[in-house]
Amino acid sequence: TNALAIMALMDKRKSENATDLSMIDDVIRMSLGEDALLYLNAQEISIAALQEIVKTIMAAMADMSLEESEQQAKKK
């Protein structure tokens, strides 16, 4: 599934020491599509806002609320 592909890509990119921005772009592209990525980049959204979008995408893929996902991340 797309969720598994995104998780695998994130693991691979972390092992390659990829930049946060390139990983954010990859997650957004794979989950929302190229048009969404182009739209977000055209809006000049801050990196912090893009990180929040990715957190929300990851929570949705895990079928959790954003709050549950953040709590789980703090435990790790």
Side-chain donor-acceptor pairs of residues 36-51 under 3.5 Å, sequence neighbours excluded:
| unit_1 | atom_1 | unit_2 | atom_2 | d |
| --- | --- | --- | --- | --- |
| N41 | ND2 | L37 | O | 3.4 |
| S46 | OG | A49 | N | 3.1 |

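For E52, the salt bridge (charged side-chain N to carboxylate O under 4.0 Å, His left out) partners are K55, not counting sequence neighbours. With sequence neighbours excluded, the residues that form a salt bridge (charged side-chain N to carboxylate O under 4.0 Å, His left out) with D26 are R13, R29.
When the side chains of ILVMFWY residues are joined at heavy-atom separations under 4.5 Å, either directly or via intervening members, L21 and I57 end up in a single hydrophobic cluster. In this structure, L66 is not a member of the same hydrophobic cluster as M58, with clusters built from ILVMFWY side-chain heavy atoms closer than 4.5 Å.
Residue E34 holds its CD atom at 9.0 Å from CG of D25, rounded to the nearest 0.5 Å. Here T56 contributes atom OG1 and E70 contributes atom CD; the two are 8.0 Å apart, rounded to the nearest 0.5 Å.
Judged purely by atom type and a 3.5 angstrom limit, Q72 has no side-chain atom pairing as donor or acceptor with the backbone of S69.
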